[in-house]
Asks: 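Quick one: this structure, given as structure tokens, is what I'll be asking you about.
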There are 2 protein chains.
Amino acid sequence: MKTTIYDVAEKAGVSISTVSKVMNDQQVGKKSKQKVLKVMQELNYRPSVLASALTGKRTSTIGLLLPDLANPFVAEMARRVEDRAHEFGFSLVICSTDLNPEKEERSVSLLRQKSVDGFILASAFNNRRVIADLVDDNVPVLLLSESHPQFAVNSINIDNIVGGYQVASHLVSLGHTRIAVIGEDATSSQQRINGYKQAFQESGLTVHEDLIAISDSSVEHAQRLTKELLNHPKKPTAIIACNDVLAIAAILAAREIGLDIPKDLSITGFDNTLLSKSCDPPLTTVEQGLDKMCAQAVDLLIEEIEGKSTSKQRILVLPQLVIRKSTAFCQD
Amino acid sequence: MKTTIYDVAEKAGVSISTVSKVMNDQQVGKKSKQKVLKVMQELNYRPSVLASALTGKRTSTIGLLLPDLANPFVAEMARRVEDRAHEFGFSLVICSTDLNPEKEERSVSLLRQKSVDGFILASAFNNRRVIADLVDDNVPVLLLSESHPQFAVNSINIDNIVGGYQVASHLVSLGHTRIAVIGEDATSSQQRINGYKQAFQESGLTVHEDLIAISDSSVEHAQRLTKELLNHPKKPTAIIACNDVLAIAAILAAREIGLDIPKDLSITGFDNTLLSKSCDPPLTTVEQGLDKMCAQAVDLLIEEIEGKSTSKQRILVLPQLVIRKSTAFCQD
DNA sequence: ATGAAAGCGCTAACAG
DNA sequence: CTGTTAGCGCTTTCAT
């Protein structure tokens with residue numbers, strides 16, 4: 001049998017409430033405290049989080065929902081969130097949603113049954129009704145690298161518009177005018193695309209909507225889309241990918257067609273993952289201050305969970321262009 | 001207030017035990033059942049997993065311990081484990097341990113307090129005492145891509161020795177005789193190294209222990225070690241990295257020294273991650289049937305959790321060499 | 001087929 | 001400072 005608070009109490013010759021009090025750092029006589037502590041050691045006692053949570057305490061567990069844990073960028077985020085959460089004694093239940101609204105709903109519902117203390121919706125979360133329910137029910141929620149301005153929830157984000165603007169401007173300054181975009185069905189991609197459009201307009205260039213493609217998250221689909229884009233009558237000389245994984249898919253596709261990068265085609269990524277450094281050629285991409293973002297996210301959420309802060313914040317972090325070898329002057 | 005079993009019972013005009021019975025698919029009169037089901041809908045009732053677990057039922061949660069979620073290969077595993085677990089209605093609490101025995105212990109201890117139903121120790125887990133405790137206390141444990149033969153636990157693994165043997169043989173067949181190895185402090189690396197030694201012995205080559213380096217998991221350290229290896233008097237013409245991340249670190253380091261890969265130096269990876277396809281040059285590496293491994297792992301663990309199977313298995317999966325562009329004939 | 005009641009391990013008044 | 005007791009929400013005998 002697992003050892004319970006009763007076992008400890010009995011062996012220490014005190015009542016269970018005394019034991020409970022030493023666990024919760026409440027006023028207890030020195031002698032009793034020593035004794036209890038000692039017995040807890042001896043019995044290798046581990047208080048049940050279940051039982052204590054049932055009485056209204058926290059489970060010290062956060063639900064982390066993200067599109068796909070297998071995506072290296074997402075995994076990097078998860079790891080950083082995890083580290084910070086651990087510092088506060090919280091653990092993470094992680095669910096990949098594949099951007100699928102039903103999965104999103106199921107996961108949240110399941111985690112609520114398991115009484116997680118709060119949620120971090122990271123990178124992209126589509127099902128707004130689910131967010132609305134969470135907000136209605138006063139469940140702490142934080143949006144990380146995702147934004148839904150209609151909800152009054154804590155959120156922390158890079159300025160994707162600026163990021164999209166930065167890559168587009170960079171390409172334009174290299175002489176490119178026919179620039180395709182490949183993104184995902186997510187707010188962040190949408191915003192990056194908006195930044196791109198802004199840059200185009202400022203430079204007096206026309207945006208061609210049919211040079212903008214939206215991929216599901218599979219590498220295969222992205223490659224197919226890339227090939228289609230490259231076969232477009234207004235053959236683009238550059239492709240902006242809305243994340244590094246897409247960029248790499250684009251590189252592979254372009255190479256299959258026999259294109260040299262960056263000579264024949266410039267490609268940019270987004271996120272500055274490990275991938276972008278090690279691929280061939282190394283990617284021009286956009287760096288976000290992931291580390292701080294994730295740490296802040298956890299801090300904010302835990303503050304809300306512990307009721308230490310009642311006001312919500314929306315934090316915007318500015319991104320930074322990292323120029324590597326995948327972009328070059330337009331040869332056209 | 002959250003709606004409880006009492007609310008449902010009251011509104012349905014039955015007792016809580018009847019409600020409980022319909023939730024657990026026990027014998028209940030048709031009429032009552034219909035009524036209860038309807039009320040549950042109306043009230044949007046979600047039974048508390050905490051409460052039910054407190055009475056001895058499962059939490060339907062698995063603890064997944066791994067060295068580093070930010071490692072793409074590990075993340076890929078996690079994702080596959082997650083998918084399979086979800087199929088059974090289980091969720092995953094994920095903890096990165098950084099191969100640090102104290103973290104390993106803390107994480108396991110924390111998760112036990114949270115009453116996870118079982119553990120998957122994936123990729124590498126060093127603290128044997130922790131495993132021993134788990135086994136002693138009859139907590140379901142499964143070793144995935146890691147082995148500790150001294151424990152009678154379910155495990156599923158690729159045959160690392162064969163994998164190491166395969167890359168080494170490949171390099172030997174290309175004429176290399178001075179082959180360095182860079183691994184991590186993990187069983188899998190150790191076994192891969194053993195395979196390498198075996199291949200050497202069979203070819204009548206001598207193994208030089210000082211050409212074998214063990215890196216902590218940081219990219220920086222791996223790079224430093226690579227440079228040291230390359231400065232060795234018996235300058236190696238090939239490097240076997242025990243995983244793709246290490247291989248990429250080695251590539252970067254070699255390139256800094258001005259070496260061309262694979263002309264001056266052949267490098268092999270291990271795991272066949274996305275990284276290995278997209279890096280420059282694409283890596284010769286070893287593929288494991290990750291998908292099936294992870295699914296089987298979950299199946300096995302859940303069987304044990306549900307007490308459906310009492311016997312333990314040790315499954316070995318055979319790896320497969322994938323030859324790409326990072327290896328070439330020895331020029332020496 | 002249904003309900004009353006005990007109990008899972010812990011917390012939180014409330015008394016003493 | 002310490003112990004008694006009543007729950008938290010659910011499962012499970014055991015009666016009815």
Side-chain angles (χ1 to χ4, degrees), chain A residues 1-37 39-40 43-61 89 109-117 137 306, chain B residues 1-37 39-40 43-61 89 109-117 137 306:
Chain A
M1 250 358 284
K2 263 204 77 186
T3 101
T4 76
I5 195 173
Y6 285 96
D7 305 324
V8 176
E10 184 175 6
K11 185 154 180 196
V14 298
S15 78
I16 59 166
S17 70
T18 300
V19 177
S20 173
K21 284 183 178 107
V22 346
M23 290 195 288
N24 296 285
D25 281 318
Q26 300 177 32
Q27 296 258 302
V28 178
K30 281 222 165 186
K31 302 216 145 185
S32 302
K33 185 162 180 176
Q34 293 311 318
K35 183 115 198 184
V36 168
L37 253 14
V39 173
M40 296 206 302
L43 263 41
N44 191 223
Y45 169 64
R46 314 160 192 266
S48 156
V49 172
L50 292 190
S52 106
L54 195 56
T55 73
K57 294 220 144 182
R58 312 268 76 98
T59 52
S60 295
T61 306
S109 175
L110 184 60
L111 297 197
R112 288 188 70 176
Q113 289 190 206
K114 295 191 179 174
S115 304
V116 300
D117 297 330
D137 297 350
E306 304 195 326
Chain B
M1 249 0 280
K2 264 205 76 186
T3 100
T4 75
I5 196 174
Y6 287 96
D7 305 324
V8 176
E10 184 174 8
K11 185 155 181 195
V14 298
S15 79
I16 59 166
S17 69
T18 301
V19 176
S20 173
K21 285 184 178 105
V22 347
M23 292 194 290
N24 295 286
D25 282 316
Q26 300 178 32
Q27 296 258 304
V28 177
K30 280 224 164 184
K31 303 217 143 184
S32 302
K33 184 161 181 174
Q34 293 311 316
K35 183 114 197 183
V36 168
L37 252 15
V39 172
M40 296 205 303
L43 263 41
N44 191 224
Y45 169 63
R46 314 160 191 267
S48 156
V49 172
L50 291 191
S52 102
L54 193 56
T55 74
K57 294 216 143 185
R58 312 268 76 99
T59 52
S60 295
T61 306
S109 175
L110 184 60
L111 298 197
R112 288 188 72 175
Q113 289 190 205
K114 296 191 177 172
S115 304
V116 300
D117 297 329
D137 297 350
E306 304 193 327

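As the structure is a prediction and not an experimental result, all values here were calculated from the model. In what follows, chains carry the letters A, B, and so on, assigned in the order in which the sequence lines appear, proteins first and then strands, with residues in each chain numbered from 1.
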Asks: Taking only the side-chain heavy atoms of P47(A) (C-beta and beyond), determine which of dC10(C), dC10(D), dT12(D) contains the nearest atom.
Replies: dC10(C)
Asks: Indicate the atoms forming the closest heavy-atom contact of V39(A) with V8(A), along with that distance.
Replies: CG1-O, 3.9 Å
Asks: Tell me: CD1 of I5(A) to C1' of dG3(D), nearest whole Å?
Replies: 12 Å
Asks: Output the distance between atom OG1 (T18(A)) and atom CD1 (I5(A)), rounded to the nearest 0.5 Å.
Replies: 9.0 Å
Asks: Looking for any heavy atom pair under 4.0 Å, which part of the strands does K57(B) touch: base, sugar-phosphate only, or nothing?
Replies: sugar-phosphate
Asks: Give me the residues of residues 22-37 of chain A where at least one heavy atom lies under 4.0 Å from an atom of DNA chain D, by number, or none.
Replies: Q27(A), V28(A), G29(A), S32(A)
Asks: Within residues 9-18 of chain B, which residues have any heavy atom lying less than 4.0 Å from an atom of DNA chain D?
Replies: I16(B), S17(B)
Asks: Atom OH of Y6(B) to atom P of dG9(D): distance rounded to whole Å?
Replies: 9 Å
Asks: I'd like to know whether CD of Q26(A) has more than 12 heavy-atom contacts from other residues, nucleotides or ligands below 6.0 angstrom.
Replies: yes
Asks: Take atom CD in E10(B); do more than 12 heavy atoms of anything else shown fall under 6.0 Å from it?
Replies: no
Asks: Measure the NZ-OG distance between K2(B) and S115(A) for me, rounded to the nearest 0.5 Å.
Replies: 5.5 Å
Asks: Please state how far atom CG in L54(A) lies from atom P in dG7(C), giving the value in whole angstrom units.
Replies: 17 Å
Asks: Rounded to whole angstroms, how far apart are NZ on K21(B) and C1' on dT11(D)?
Replies: 9 Å
Asks: Using the rule given for side-chain contact (heavy atoms from CB on, under 4.5 Å), can you reason through V19(A) versus V14(A), listing the C-alpha separation, both sets of side-chain angles and the distance that settles it, and then say yes or no?
Replies: CA-CA 7 Å; V19(A) 177; V14(A) 298; 3.9 Å; yes
Asks: What integer distance in Å separates L50(B):CG from dG9(C):P?
Replies: 15 Å
Asks: How long is the straight-line distance from NZ of K57(B) back to CG of N24(B), given to the nearest 0.5 Å?
Replies: 3.5 Å
Asks: At what distance, to the nearest 0.5 angstrom, does CZ of R46(B) lie from NZ of K114(A)?
Replies: 13.5 Å
Asks: Measure across A53(A) and T59(A) and return the closest heavy-atom pair with its distance rounded to 0.1 Å.
Replies: CB-CG2, 3.6 Å
Asks: How sharply is the helix from dA1(C)-dT16(D) to dG16(C)-dC1(D) bent, taking the axes over five pairs at either end and rounding to 10 degrees?
Replies: 40°
Asks: Could you tell me the separation between the CG atom of L54(A) and the CG atom of L54(B), rounded to the nearest 0.5 Å?
Replies: 6.0 Å
Asks: With rounding to the nearest 0.5 Å, note down the distance linking OH in Y45(B) to NZ in K11(B).
Replies: 14.5 Å
Asks: Counting just side-chain N and O atoms, does S48(B) come under 4.0 Å of either OP1 or OP2 of dC10(D)?
Replies: no
